[in-house]
Amino acid sequence: MNAPVIGQPIKRKEDYRFLTGSGMYTDDVTLPGQTYAYFVRSPHAHATIRSIDVSKARAAPGVIAIFTGDDLARAKVGGLPCGWLITDVNGQPMKEPPHPPLAQGKVRYVGDHVAVVIAETLNQAKDAAELVDVDYATLPAVVNAGDARKPGAAVLHDIAPDNTCYVWALGDKAAVDRAFAGADHVTTLEFTNNRLIPNAIEPRAAVAQYSRGDDAYTLYVANQNPHVERLLMTAFVLGLPEHKVRVIAPDVGGGFGSKIYLYAEETVITWAAKQTGRPIKWTAERSESFLSDAHGRDHLTKAELALDKNGTFLAMRVITTANMGAYLSTFASCIPTILYATLLAGQYTTPAIYCQVTAVFTNTAPVDAYRGAGRPEATYVVERLVDTAARETGIDRAEIRRRNFITQFPYQTPVALLYDTGNYEATLAEAMKLADVAGFEARRKQAEDRGKLRGLGYSTYIEACGLAPSNVAGSLGGRAGLFEAGEVRVHPTGTVTVFTGSHSHGQGHETTFAQVVADRLGMPVENIDIVHGDTGRILFGMGTYGSRSIAVGGTAIVKALDKIVAKGRKIAAHMLEAAEADIEFDRGNFKVAGTDKSVTIGQVAFAAYVPHNYPLDKLEPGLNESAFYDPTNFTFPAGSHLCEVEIDPETGQTRIVNFTAVDDFGKIINPMIVEGQVHGGLAQGIGQALLEACVYDPESGQLLTGTYMDYALPRADDLPSFRVATKETPCTHNPLGVKGCGEAGAIGAPAAVINAIIDALAPLGVRDIEMPATAERVWRAMQNTRELKKAA
Amino acid sequence: MGITVSMTVNGQAVTAELDPRTLLVQFLREYRQLTGTHVGCDTGQCGACTVHLDGRAVKACNILAVQAQGAQILTIEGVAANSELHPMQAAFRDHHGLQCGFCTPGMVMNALELVRKHPDPSEETIRAGLDGNLCRCTGYHNIVKAVQAGAAAMKR
């Protein structure tokens, strides 16, 4: 068993259970004596709660308990915390309004939690919830970020009378102003980065149980980082001893960021499980997911790029208003700042960059990280500016990028990041080849002959993954560590269980991580199981988000493997009666150098657990090692996405005829899984560009896109097949050379699609179009220019 | 208030007394513990709850259990013969047609229906045929490949 397993498209270990209906998702968990929770939610975007009468509901059949915000306040249950403190331009901490799990005195968005009904059956809980009589005094609402700071706007929180959470800035403003003053050309764009609803197909769910015998809780929850969930819930909200709460995130049906956070529902039912003495299950209906899952994006931006006459980028100025929603979700504050402004250098040598971000509260669901989290917004700014600048200056779009590409590494950007490695010309060249850019003009002509408009769009993106290091994050306001933990247990018979703090909810860690271990220890992946998602079995973990799992979680496992091999070498030396320094290890075999004497890892493991012939005086028995790994830098995946569209000028309908993505993720462990991650990211990026938009009524604050009939999640016939390839510059600061791949598609795609549409419509005089570029918007854009031309 | 319902589920005759408003998917998940059939939207739009009723793919969140009185129901748990994957299931594994696995049972059940109607489906036919099943992970690229390969394997 010495064939390499890293880099092989090994079929996934987890698939059999998912394909046979044997997975165990949170809603599949049923505990003896289980009851059901249903939440009474605010029907108003903004209202004062005058009173809540639960008497009728309490008398309804099957009802066990009803709790409101007052009950939680009496029990001294705290508010849901925010994990990142942003300091504003005046040195003041951001405004952190209280975020009670059940509303106290006021509701601030449609879907805000008002009361919980716990009953014997779900139908009984729902029936009783209808009898909860809440007397609301409605208030005016504000939902759009651009309206939040207008005079007379409704005020959500007393501590933020101008609805402003913070005004934050990064970069050398004076240098940027100077560069703009001396520029030959300035490109300016104003746009919205549309609000999205993540929509994992598994709705959020939780089952909470309290055991009186040992005063301990077990919480099953659809979550991406169970240790963080437990830490926040116990230490900051419920005041419980951390070791008395076990959080299990079993099979989780997609996350995309939306399951990172500590939410009201699981917090309330965990607390209520003790009050009622019964296990409680809560599963979101899809309408609740639309209303109350953390949303993503929602920026208003004015962006400017200054160039010299050769098309060299001199400076960039970006002014953004970011919608936080009604409360600060767990990591909301760092998304439009730390994970956004720092990415504005993109792949370019722009020497001066200034970004100012104003974060505002509105009467909408909280906004937090959604696949890409800040980086798609930054890429959209940079890549729309670059394409527009190329058009305005008459420089070819690939050429203007090449003229400005960073080619020397390491590279320190003016916005705090230190890129370790990359080869942007290589990914662009490969993408242009695969997309047959050379043949594009001919295809455009053929389309024209058929009465269609063709366009080609570029997006050459950078992202920063594996958020790191902890001390740097801490100095920037992060309130958590950003390391990962891993443990490798070699059993007496030589099979292996790995415990990882990363969590897989579709990414295939059970296979990829097993490949890493199999490669090192020289055993089949079938002999290796990966355990994740259980605070009761795994030492610690920060979970999965920001494409960090292989770069940070994988490295923690490698560090633990190093310790296994180091100890194994000592044991083997004893077994082989050789000096430790003479023992070589290669994929499962400990060998005395220059001899044919060797023992296998299996034999070493057996000796470690049956230590009859063992150096007990010098070495502990057993073969079980753990490691914590704190990264020394971000990783910097990058790539080139090329989109080719065809537009029907009669209807405005856009069809993607070709989408090519060439990405550099460093070393790749399982190319099949990596391609799948890219496909999924592209679908979400294309969804943002063409289909998806979360819309609130600006007057009433009602969510208008609250079902799949209104919110256009991409379906199979909305999307093309993709052309996907990779280039490889290994990450320089982790042992696997890996960078992460989970978000790339969602980061690169939106600008590629919109740039392609603009390219198709540019001959008509269209310069800009908002996302999502629906048929109606495209058609209107064409009509407007036609009307303008007629008028001229 | 109960109503007696009888049907055959994965070849097994079952009878239960139910609240009349019980949905077929609730009956399968809560009374039969067949939790492979998932609920993604409870409004008939995501397809995660797709099962076969008398050989036709239906969304089990859109049907009352009483409407399945006397019917033959096949769920994802009944698709694999013994422990051997059905060729369509194997094709999903071989082509990485699933990630988180939540939409997968519904996708497989609908794919089987699609291949029954179109034994040799084109990419276009597959994309149109899967229009009622949402997946947020795969971008459908590999699902399309899997259904095409599954269809070919089912002919052998």
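Within the 4.5 angstrom heavy-atom criterion, atoms from both the backbone and the side chain of A:Asn123 approach chain B. For A:Ile686, no part lies under 4.5 angstrom from a heavy atom of chain B. For a residue to count as touching a neighbouring chain, one of its non-hydrogen atoms must lie under 4.5 Å from one of that chain's; by this rule B:Gln33 does not touch chain A. For A:Ser721, the parts lying under 4.5 angstrom from a heavy atom of chain B are both the backbone and the side chain. For B:Asn133, the part sitting under 4.5 Å from any heavy atom of chain A is the backbone (N, CA, C, O) and nothing else. Residue A:Leu682 does not touch chain B at all, counting heavy-atom pairs closer than 4.5 Å. Contact of A:Met709 with chain B is made through backbone and side chain together, with heavy-atom distances under 4.5 Å. For A:Pro720, the part lying under 4.5 angstrom from a heavy atom of chain B is the backbone only. If you measure heavy-atom distances from B:Thr43 to chain A, you find no contacts under 4.5 Å at all. Only the side chain of B:Arg29 comes within contact range of chain A, with heavy atoms under 4.5 Å apart. Looking at A:Thr30, there are no atoms closer than 4.5 Å to chain B (heavy atoms on both sides), in backbone or side chain. With a 4.5 angstrom heavy-atom cutoff, B:Val108 touches chain A only via side-chain atoms. For chain A, the nearby parts of B:Ser83 are the backbone and the side chain; heavy atoms of each come within less than 4.5 Å. Within the 4.5 angstrom heavy-atom criterion, only side-chain atoms of A:Tyr25, from C-beta onward, approach chain B.
Summarising the geometry of B:Leu98 relative to B:Phe92, their closest heavy-atom pair is CD2-O, 3.6 Å, with the distance given to 0.1 Å.
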Could you give me the CA-CA distance, side-chain angles and deciding distance for B:Arg127 and B:Glu124, then say whether salt bridge (charged side-chain N to carboxylate O under 4.0 Å, His left out) is met?
CA-CA 5 Å; B:Arg127 287 188 181 273; B:Glu124 203 182 349; over 6 Å; no

Tell me, with the steps shown, if A:Lys126 and B:Asp42 meet salt bridge (charged side-chain N to carboxylate O under 4.0 Å, His left out).
CA-CA 15 Å; A:Lys126 286 186 185 180; B:Asp42 45 46; over 6 Å; no

For A:Arg41 and A:Glu285: C-alpha separation, side-chain torsions, deciding distance, then whether salt bridge (charged side-chain N to carboxylate O under 4.0 Å, His left out) applies.
CA-CA 12 Å; A:Arg41 292 173 187 275; A:Glu285 296 182 345; over 6 Å; no

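Chain B forms the most heavy-atom pairs under 4.5 Å with one residue out of A:Tyr708, A:Phe290, A:Tyr16, and that residue is A:Tyr708. Chain A forms more heavy-atom pairs under 4.5 Å with one residue of B:Val144, B:Thr75, B:Thr138, B:Leu130 than with any other, namely B:Thr138. When each of A:Gly687, A:Ser289, A:Gly253, A:Ala683 is checked for heavy-atom pairs under 4.5 Å with chain B, A:Gly253 comes out on top. When B:Ile76, B:Thr37, B:Thr22, B:Leu34 are compared by the number of non-hydrogen pairs under 4.5 Å with chain A, B:Ile76 comes out ahead. Annotation: maximal heavy-atom pairing with chain B below 4.5 Å, among A:Asp27, A:Asp718, A:Thr283, occurs at A:Asp27. Chosen from B:Gln26, B:His86, B:Glu77, the residue pairing most often with chain A at heavy-atom distances under 4.5 Å is B:Glu77. When the candidates A:His505, A:Glu14, A:Gln684 are compared by the number of heavy-atom contacts under 4.5 Å with chain B, A:Gln684 comes out ahead.
Looking at heavy atoms from C-beta onward, A:Ile656 lies in side-chain contact with A:Val753 at the 4.5 angstrom threshold. Taking the side chain as every heavy atom from C-beta outward, A:Glu288 and A:Trp282 approach each other to under 4.5 Å. Under the 4.5 Å side-chain criterion, counting only non-hydrogen atoms from C-beta, B:Cys135 is in contact with B:Ile143. Within the 4.5 Å cutoff, the side chain of B:Glu113 has heavy atoms near those of the B:Arg56 side chain. Side-chain contact between A:Val252 and A:Glu202 is present, with heavy atoms from C-beta onward closer than 4.5 Å.
Aromatic ring pairs are classed by plane angle as parallel below 30°, tilted from 30° to 60° and perpendicular above 60°; the pair B:His38 and B:Phe102 is parallel. In this structure, B:His141 and A:His679 have parallel ring planes: the angle between them is below the 30° cut-off, well short of the 60° mark.
Ion pair B:Arg21/A:Asp127 flagged as a salt bridge, since at least one NZ, NE, NH1 or NH2 atom sits closer than 4.0 Å to an Asp/Glu carboxylate oxygen. Salt bridge A:Glu692/B:Arg136: present, at least one basic N to carboxylate O contact under 4.0 Å.
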